[in-house]
Structure formats: C-alpha cells, structure tokens
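Take a look at the structure below.
Just so you know, these numbers come straight off a predicted model, no measurement behind them. What's counted below: heavy atoms across the whole structure, side chains too, no hydrogens, waters or symmetry copies. Quick note on labels: first sequence line is chain A, next is B, and so on, each numbered from 1.
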Protein chains: 2
Amino acid sequence: MKRKTFGPVTSQQVAQIAGVSQSAVSRTFTPGASIAPATREKVLKAARELGYRPNAIARSLNTARSRIVGVVMSYFDNQFYPQVLETLAQKLDELNYHLLLFVGDRDGNVDRIFDQIMQYRVDGIVLASVSLSMELSQECVAAGIPVVLFNRSEESGIVSSVNSDNETAARQIAHFLLAGGHHRFAYVAGIADSSVNQARQKGFTETLHRQGIASVHVVQGNYDAEQTRRAASELFSVSPTPDAVFAANDHMALMVMDVARYEFGLRIPEDVSVIGYDDTGPSGWPSYALTSASQPVEAMVQATVALLMKQIDSGTIEPEQVVVPGQLVVRHSARRPQAGVVEKDGVSLFQLQEVE
Amino acid sequence: MKRKTFGPVTSQQVAQIAGVSQSAVSRTFTPGASIAPATREKVLKAARELGYRPNAIARSLNTARSRIVGVVMSYFDNQFYPQVLETLAQKLDELNYHLLLFVGDRDGNVDRIFDQIMQYRVDGIVLASVSLSMELSQECVAAGIPVVLFNRSEESGIVSSVNSDNETAARQIAHFLLAGGHHRFAYVAGIADSSVNQARQKGFTETLHRQGIASVHVVQGNYDAEQTRRAASELFSVSPTPDAVFAANDHMALMVMDVARYEFGLRIPEDVSVIGYDDTGPSGWPSYALTSASQPVEAMVQATVALLMKQIDSGTIEPEQVVVPGQLVVRHSARRPQAGVVEKDGVSLFQLQEVE
DNA sequence: CTGAAAGCGCTTACAG
DNA sequence: CTGAAAGCGCTTACAG
C-alpha cells in the first residue's frame, strides 16, 4: 500500500544483507536475547555497513515502554531549575532513559501539557515548578504512570514528591537571624499557594512568633524578578525598615540584595541581612555571598529518579513523600550569630541546637 | 499472542464504545481527515469517557514523523543556554513539536548521544554547545535528518548553523575599548577550537593590532568557572595589569569581575574595564552591570526553528548559515567612550561608525 | 539458537 | 463519509 521511501535503515534490510531472519537482527540488538555469536557478528557487520540503528519508536510499541520520562519545568531564569534539569537528564541517561522537556506556562496551564505528555506514552513524569490537579493525578494513577512532584507537594498525598525539609530549614533561618541579633523581620514570599512557599513561610514566621516577634512584614515576590523588585522596594520604603529579610528562594534574595544596595544604598549585612533558599550558583559568587538554605540537587534528583524507577519496574504506584535534608550555608549576606556556625569541608554551616 | 493488559486506552476500544470503526476514531483525531460531524461527536464522547489519547508513538510509526526534535546542550550554569532551551521548547511546542533533551559531556562525546538521538527517529536535531563530527554530519544528511548548529558553526558548511555576528561584535568591542582610552588589553578565551571563540578572538585582536596595539594578553577560561578564576588571577598578577578585559562570554566575564574586585581589590571600571558576550540575565543585575554583546535569543531560536521546519517540510537539506545581528549593550563595567553611545528603548548601545 | 508469524496502535490508500 | 485491510518497524511466544 505504501511505498518504501529512502528513510532510515530497517532491521529487514539488515537481515537481507546479513542473510538471516529479521528476528535474528532484533535479537542482536536486544540485550539478553538468545543469539549465536556467529549470527550476531554477521548481523553487526551488516548493520555497521548500512548504518542501522534500531527504531526506538517501533520498539516502544511492542514493549509498551517508551523509556522516555516527561519533565515539566519553568522558571529557567532561576538557576536552580536548569541545574536540576541537567542532573536529571544525566541520571536518566545513565539508566538509558530519555527526557522529553515541557516548559510550563507560569499560569500553570498544566492540562494542555499533560495531554501532550500522555500522548507520548512516557514511562514517568516529573513535575517541577508546576503542580498537578487532583484530576490529572487520578488519571495518571489510573493509567499506571508514575509521577513525582519535584520541589513541591500536594496535600492529598496521592502523588509522590521530593522536597528538601522546607519547614525545618525555615525555622533554622529564623533561629539564625534571631541569634544574630536581628529585630525587624521580613519575608519575601513566593507564589502564595505553592507548597514550598507555604512551608517556608510557616516555619519562619511561626518560629519568630514563638520567640516573641510580634510581626513579620510579608511581601509577595511570587518567584518573579520584576515583582520581587517592587516588593523589595516596598520593604525598604516603609519604616521601620527590616534588618533581616528571608526570601523564599535565592532568585528573589539576589534581587532583594541588589535593590537594597543599589536603590537604597544599604549595606549588607551591616544595615540589613538577607537570606535565601536553594543555594544556587550565583549565591556563591563573591558579589552576593548569599547565606542560603541548600537544596541538594544531586540527592533530590537521585531520589526522584529512584522513585520513578521503582514504580516503573514494579508496575505499581505507591506514593512516597521523600524529604531530603539540607543545610544552612553561611556566607556574608547576613550577620552571623556568636555561636553555632561551624566549618565543614570549606563551607560554613549553621548547626542548630533547637530546644523546642 | 500477547494478552491485552490494562494499559492506556486504544482507538480500538473507543471505536467499540462509539459503535464505529477504528478508522473513524483515527480520523477524528487527524486534523483535516474526512469525517462526518455526527460520527466525530460519537467518537469524542466515547473518547472522553474512556480518557482516550491517541498514541503518538504508534502514529509516528506510520507517518515516519516523530514530531520530536533532539537537542544537545551543556553549560547549564551559563544562563544563556537555559534561556535558549526554554525558548526553544516553547517555539517547538507552538508548532506541536517536542523536545528530547540530551546533555553533552564537556568532553564532546557526541557519538554516544548521537546514537541515542537517532534511535528515536527525531525529525531534527539542534546542537548547542557541541559540534558534530564530519562523519556524523554526513550520516545525518544521508538519513535526511536536518541538523542545525546553534551558537557554533563548522567550516565545511555542510551543516546549517545559527550564530550572532561574532566577529563584527568583537571588533565593535575593540573599538569601544579603544575609544574609551584603554591601553593594555586582555582576552579571556573560551575553548580554543570552538568556532565562536575563534571568531570573537579574531575580531578583537585583529582590530586591536590594526589600531596599533602590539599585544593582547590571552588567557584560557575555556567557558569554565574554575579555569576562568585561575585565568583571571593570572591576568591581574602579572604586571602590567590590563585595563581592559574582553571575556568570550558573560559567564566568564562575571567571574573576571569578581576576581578583580574581591581578590585584587580593583575597581570596575576605574581600574579595569570588563566586557562580556551574550547579554544574559545576570549581566543586567546591578551588582555586575556588565557591558556585553547581545545574542538575541528570541531571534536566534526563531531562526533555528525556521531552518529546521523548512528542511523537515521540504524533505531536502540545504545547509544555510544564518547570522543574527546583535548589539553592544553598554552598562557600567567598562569606561564609556566620549561618543558613540546612544540611548534606545531604555538601554544604552554602542553604535560603531567603523571606517575600514 | 533460529525463523515464521502474530501483534503493538496507529494511518491511509482503496472501494464503496 | 465510511470500513476493511495493509502496513509502519519492531518484539516475542511458538515450534522446531
């Protein structure tokens, strides 16, 4: 019915040249399949001549395994995410899986993307910077597709997630600032209903309240550079001006530092201390030297991939919430407390002896 | 032979429920196929009930179009690339194409990656931060797979590429620095045999030589943070110290600025001017305010996608070398010349009246 | 170890 | 406009 055009080489063609059956060709390229060394050699030789590569698409159709993982990500200007993406691609590659990338609109228009992902019959999905609606989660479970939320979680607990210990870290930051002798606190929030923002805000403000701080000035940065600029301006415009600012992520914290220094002429940390969350590359740059709660990318990605593989291999989906511990990396953007900062492998960390 | 497990819903199942043939289901989901509205409705209803989505993998097998573009990228810590990736994913998505991401080893071990890419029968390939060997290029042409090199090129001209006008921009930078009254020039090189490095180095040094500058201190940053740190240290350690440094990209330029300021206590631009290339996000941050040659990501990606689509649609591969013009964005990391800097849409640009 | 053949889930001439 | 059927390039029981 159709005519064979001069497309890529097929196993059929290789078989012909090698003088074996098409099955033999297939077996040659299927690890563990039973094939005589001699046959194998003939096939490999012919394959080399023709430049044959097995068609992964066709393979997927039989095996019902695409070896593709769909990844939805946004906020590419926040270094944390590209770093995650790079690591994810590498770790998947090691397992011979591949990564189909989708960029999430910030509007959270997941449904359309989700539809696209599903069409490719991915073996698993990683959602970073976007959350999944209840409905879609259900559908994944029904379809038997593992999903893991990366750096976000869902209350229902119906879908797996990997996070750092946001609330604990935020509490630690509160104690760090308290111990550093600060008095007027501010919090630059991320998108209000994002799970990480909630956990960080909760840990921070609750701890402060418990320690007798009556109020925390909360402004919305929404993980967005421009909004953060405005939020920071507001922060430093109304008096009393804060002497300690915790931004829900580094991306916003760096912006806060720039606004403080270059628009308000404030010295950091003499006039105001700034702390972030993520410990991304730029935070370590001397111009910023941002004190920040680390999110161990390597460990978090490792956990993500492990979760995915476990579910793919077992064929069953048992949601798990993984929490990877992080550390408060102390640099120079915040006044240091007298005690509690320890040196470890060349970096300074804050060790909290929390007595709750 | 095989038993149907409870996987995703198939068109067959939808057909059964809708009481139509499987062909009808297929047509319903094939834009432009001839299908009666009434039939279509029945199918859509059944599809909705079952949560049916056409299997893109199976579709690819017939159409010999995967609607997948393979992208090889590295240097994720250089903001330029994530930005490119994000834009690329979005533009492809608009055309209903998808992006399979591969992370290139810095060793340039393209072959293995290439093999993987080919197995998925991608409709096109974008190589950013990695170049293709002659051999592989041939193989792509033979297989009829469009390839475009992004931000790099190949002498042979056998494969398409998209670049900014590296040499012109570098010449402009030389003139800018000359006009700014600098005398001792240095160049922080990227990987020596990368095409963009060569073009930038050539444009810069040749222009300087032609204007009577006897020597330019060239050090190797190799696009790598740590190597750049060392290179910068060397630069500022041997006297006479340069008063003008052009780094082959922003990523290195930022590092040079940090080393100059925080390790050598130099003031920028009073003691030394620094210029970069890419005009990425961090360059605009007040802490750096890096003067930099812009690479218009949007336009470059647009050109890349256009090239790809043209070749995919036509089925023929005619290599094209696209050069997108950029501009020298003037900020505060380099002394400004008396004349030539103009204000445009809120940014300062250097307009060269080159008299060659 | 090997080949013939069924089947994966679609698309698309073909004949109505 | 519609359905039956061939075919896309593989994998994998099955029977030797």
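- Taking the side chain of A:Leu61 as heavy atoms from C-beta on, and the options D:dT12, D:dG9, C:dT12, the nearest nucleotide is D:dG9.
- Per the geometry, CE belonging to B:Met118 stands 16 Å off C1' belonging to D:dG9, to the nearest Å.
- The shortest distance between the side-chain N/O atoms of B:Arg121 and the OP1/OP2 oxygens of D:dC10 is below 4.0 Å.
- The main-chain N or O of A:Arg40 is never found under 3.5 Å from a side-chain atom of A:Thr28 such that the two would form a donor-acceptor pair.
- For B:Gln16, the CD atom counts as loosely surrounded, since its 6.0 Å shell holds 12 or fewer non-hydrogen atoms of other residues, nucleotides or ligands.
- When both distances must be under 3.5 Å, the Watson-Crick or G-U wobble mate of D:dC1 is C:dG16.
- Residue B:Gln90 qualifies as enclosed at atom CD: its count of foreign heavy atoms under 6.0 Å is above 12.
- Protein atom CZ of A:Arg27 is 7 Å distant from nucleotide atom C1' of C:dG3, rounded to whole Å.
- Distance from the side chain of B:Ser23 is smallest to D:dG3 among C:dG7, D:dG3, C:dG9.
- Remark: C1' of D:dC1 and NZ of B:Lys42 are 12 Å apart, rounded to the nearest angstrom.
- Atom CZ in B:Arg59 sits roughly 20 Å away from atom C1' in D:dC10 (whole-Å rounding).
- Here the P atom of nucleotide C:dA6 and the CD atom of A:Gln22 are 14 Å apart, to the nearest Å.
- The shortest heavy-atom contact between B:Ser74 and B:Ser129 is N-OG, 2.6 Å.
- Listed pair B:Ser11 / C:dG9 fails the phosphate criterion, with no side-chain N or O lying under 4.0 Å from OP1 or OP2.
- Side-chain proximity of A:Thr30 to the nucleotides C:dG9, D:dC10, D:dT11 is greatest for D:dT11.
- Relative to the side chain of B:Ala36, the nucleotides C:dG9, D:dC1, C:dT2 differ in distance, and D:dC1 lies closest.
- Comparing C:dG3, D:dC10, D:dC1 by their nearest atom to the side chain of B:Ser34 picks out D:dC1.
- Donor-acceptor pairing under 3.5 Å is recorded for the side chains of A:Gln321 and A:Ser161.
- Note on A:Ser21: a side-chain N or O is less than 4.0 Å away from OP1 or OP2 of C:dG3.
- Comparing C:dG16 with C:dT12, their C1' atoms are spaced 16 Å from each other, to the whole Å.
- Taking atom CZ of B:Arg40 as the reference point, atom C1' of D:dG3 lies 19 Å away to the nearest angstrom.
- At the phosphate of C:dC10, OP1 or OP2 sits under 4.0 Å from a side-chain N or O atom of B:Tyr52.
- When the C1' atom of D:dG9 is taken as reference, atom CG of A:Asn62 falls 8 Å away, rounded to whole Å.
- For D:dG9, neither phosphate oxygen OP1 nor OP2 lies less than 4.0 angstrom from any side-chain nitrogen or oxygen of A:Thr10.
- If you measure from atom CD of B:Gln13 to atom P of C:dC8, you get 11 Å, rounded to the nearest angstrom.
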